[in-house]
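Beneath this line is the structure, given in structure tokens, with notes to follow.
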Amino acid sequence: MFRDRIYLGNLSYPGAGVSFPLNIGYVAETLKHFLPDQFEIELFIDPKELEHAIENAPPRILALANYVWHRNINRQMIQYAKDISESTITVLGGPSFAKFETEWLSNYFGTHPFLDFYVDGEGEWKFLEIVKQGIKYGYNVEMMKSDMPKNVFFHEGAAFSQGTKVLEHADLLPKTSALDQIPSPYLMGSMDKFFDNEELAPMIETVRGCPYACTFCCWGDPSVNKLRQFSVDRVKAEIDYIAEKSQNRQYKWLIMG
């Protein structure tokens with residue numbers, strides 16, 4: 001049976017020496033857990049590999065992690081996806097987004113005509129909601145907008161707007177348990193393909209949020225000033241998994257938190 005494709009990308013340039021794309025792994029595993037067996041989900045870091053995949057098998061949804069270092073290639077990639085298939089829904093998400101600056105937002109959406117949705121903040125639950133609304137409304141972007149959650153931004157005529165829906169997932173769960181509701185990309189196997197790339201460093205996230213408000217940091221936002229952690233048992237299991245997969249390889253580790 002044919003299943004719709006979802007492509008998730010955290011694109012990097014060859015030789016950049018970046019970390020495993022843990023962020024899109026979280027998004028992928030959340031989709032698999034809450035919408036099991038409904039989609040073919042593929043993860044990409046190589047722009048050329050993603051370009052060929054879009055050309056040969058256009059996805060229903062293309063979603064890219066958006067940071068300052070790959071904002072240009074992201075803009076080109078979502079335009080390319082729309083050129084290949086106008087029905088592909090394009091999504092960007094990440095901290096390189098000034099959600100409180102009206103003038104900046106107007107300029108951003110004006111220069112991103114091929115973008116359907118932008119997810120600000122932690123993306124797993126919001127992207128899951130985008131996909132759910134896609135299923136509900138037959139992937140009609142205009143109809144999907146009516147049920148978008150807060151901090152999901154989109155074009156509204158010549159201007160922009162954001163959703164108003166309150167999520168019923170992690171935002172309502174006890175903060176001590178909310179993060180473990182997101183399945184581990186390592187323990188579920190979605191990071192396995194990246195162990196073969198010795199330019200990449202395994203990364204582990206132990207906590208989210210920060211009580212400080214440093215403007216240079218993606219956690220410098222009052223809405224995420226409470227510290228939350230993944231369980232110790234889960235983090236230990238991820239470390240053991242990485243150690244087993246990394247035997248006889250020279251990796252540098254990145255531990256966030």
Side-chain angles (χ1 to χ4, degrees), residues 3-31 39-99 104-124 126-128 130-131 133-134 139-141 144-145 148 151-155 160 185 190-191 193-194 197 199-200 203 218:
R3 293 185 289 177
D4 285 321
R5 302 179 183 87
I6 295 179
Y7 293 165
L8 304 173
N10 184 12
L11 304 180
S12 64
Y13 298 95
V18 297
S19 64
F20 279 32
L22 185 61
N23 49 1
I24 58 174
Y26 285 133
V27 173
E29 291 303 332
T30 300
L31 290 178
F39 298 96
E40 296 287 346
I41 301 173
E42 295 187 47
L43 308 184
F44 297 87
I45 58 172
D46 184 340
K48 283 294 184 183
E49 182 183 357
L50 176 56
E51 180 184 352
H52 292 153
I54 292 171
E55 182 179 2
N56 294 324
R60 175 66 73 179
I61 302 176
L62 170 65
L64 303 176
N66 191 56
Y67 295 82
V68 65
W69 50 85
H70 46 33
R71 61 186 179 185
N72 290 332
I73 197 168
N74 282 349
R75 184 167 59 244
Q76 295 173 42
M77 195 64 73
I78 62 174
Q79 178 176 349
Y80 180 73
K82 288 290 192 181
D83 288 342
I84 296 295
S85 174
E86 291 184 359
S87 64
T88 293
I89 294 174
T90 56
V91 183
L92 296 179
S96 297
F97 190 75
K99 66 178 179 181
W104 186 93
L105 287 168
S106 295
N107 179 68
Y108 187 85
F109 280 95
T111 56
H112 289 74
F114 302 100
L115 176 63
D116 291 315
F117 298 104
Y118 195 102
V119 177
D120 180 72
E122 296 177 60
E124 294 89 359
K126 295 166 195 159
F127 186 72
L128 174 63
I130 289 174
V131 176
Q133 299 313 318
Y139 302 98
N140 182 306
V141 170
M144 291 167 61
K145 292 176 182 179
M148 282 298 109
N151 291 317
V152 173
F153 292 76
F154 45 81
H155 292 273
F160 65 89
S190 63
M191 293 290 99
K193 66 183 268 188
F194 302 106
N197 188 336
E199 291 184 351
L200 301 179
M203 176 175 67
C218 62

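We number each residue from 1, following the sequence as shown. Scope of the values below: all heavy atoms of this structure, side chains included, with no hydrogens, waters or symmetry mates.
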Next on the checklist: Taking the six-membered ring for Trp, are Y108 and F160 closer than 6.0 Å centroid to centroid?
Outcome noted: no
Checklist outcome for this item: Closest non-hydrogen contact found for H112 with L92 is CD2-CD1, 4.4 Å
Item to check | F44 versus A53, closest heavy-atom pair with distance | outcome: CZ-CB, 3.7 Å
Checklist entry - Between the main-chain N or O of D116 and the side-chain N or O of T90, is there a donor-acceptor pair closer than 3.5 Å? => result yes
Item to check | Closest approach of G94 to Y118 (non-hydrogen atoms, all atoms of both residues) | outcome: O-OH, 3.0 Å
Item to check | CA sep, side-chain torsions, deciding dist, call: R5, E40, salt bridge (charged side-chain N to carboxylate O under 4.0 Å, His left out) | outcome: CA-CA 5 Å; R5 302 179 183 87; E40 296 287 346; over 6 Å; no
Item to check | Any side-chain heavy-atom pair of S87 and Y139 under 4.5 Å | outcome: no
Item to check | Backbone N/O of A65 and side chain of N74: donor-acceptor pair under 3.5 Å | outcome: yes
Checklist entry - Hey, does D83 have a side-chain heavy atom less than 4.5 Å from the side chain of Q79? => result yes
Checklist entry - Is the shortest heavy-atom distance from the side chain of L105 to the side chain of F97 under 4.5 Å? => result yes
Item to check | Interatomic spacing from CD in E55 to CG in L50 - rounded to 0.5 Å | outcome: 11.5 Å
Next on the checklist: Once rounded to the nearest 0.5 Å, what's the spacing between atom NZ of K82 and atom CG of L115?
Outcome noted: 9.0 Å
Checklist entry - CD1/I54 to CD1/I84 distance, rounded to the nearest 0.5 angstrom? => result 8.0 Å
Next on the checklist: A side-chain contact here means heavy atoms from C-beta on lying under 4.5 Å apart; do F39 and L31 qualify?
Outcome noted: no
Checklist entry - Counting distance only, does the side-chain N/O of K145 pair as donor-acceptor with the main-chain N or O of H155 below 3.5 Å? => result yes
Checklist entry - Where do I130 and M148 come nearest, in terms of heavy atoms and distance? => result CG1-SD, 3.7 Å
Next on the checklist: Within the structure provided, determine whether F117 and V141 are in side-chain contact (heavy-atom separation under 4.5 Å).
Outcome noted: yes
Checklist outcome for this item: When rounded to the nearest 0.5 Å, the distance separating CD1 of I24 from CD of E29 is 11.5 Å
Next on the checklist: Quick check for you: to the nearest 0.5 Å, what is the distance between F114 atom CZ and E86 atom CD?
Outcome noted: 9.5 Å
Next on the checklist: Determine whether T88 and Y7 satisfy the following criterion, side chain to side chain contact (heavy atoms under 4.5 Å, CB included), listing intermediate values before the conclusion.
Outcome noted: CA-CA 10 Å; T88 293; Y7 293 165; over 6 Å; no
Checklist entry - Tell me, do I61 and F127 make a side-chain contact under 4.5 Å, heavy atoms counted? => result yes
Checklist entry - To the nearest 0.5 Å, what is the distance between CD1 (I41) and CD1 (I6)? => result 5.0 Å
Checklist entry - Taking C-beta and beyond as the side chain, do L200 and V18 meet within less than 4.5 Å on heavy atoms? => result yes
Item to check | K99 side chain to G121 backbone, donor-acceptor under 3.5 Å | outcome: no
Next on the checklist: Under the salt bridge (Lys or Arg N to Asp or Glu O under 4.0 Å) definition, can you give me all pairs with a residue in residues 61-73, not counting sequence neighbours?
Outcome noted: none
Checklist outcome for this item: Shortest non-hydrogen pair, M77 vs P47, comes out as CE-O, 3.5 Å
Next on the checklist: Run L64 and H70 through side chain to side chain contact (heavy atoms under 4.5 Å, CB included) and show every step you take.
Outcome noted: CA-CA 10 Å; L64 303 176; H70 46 33; over 6 Å; no
Checklist entry - What pair of heavy atoms forms the shortest contact from S85 to P58, and how long is it? => result CB-CB, 3.8 Å
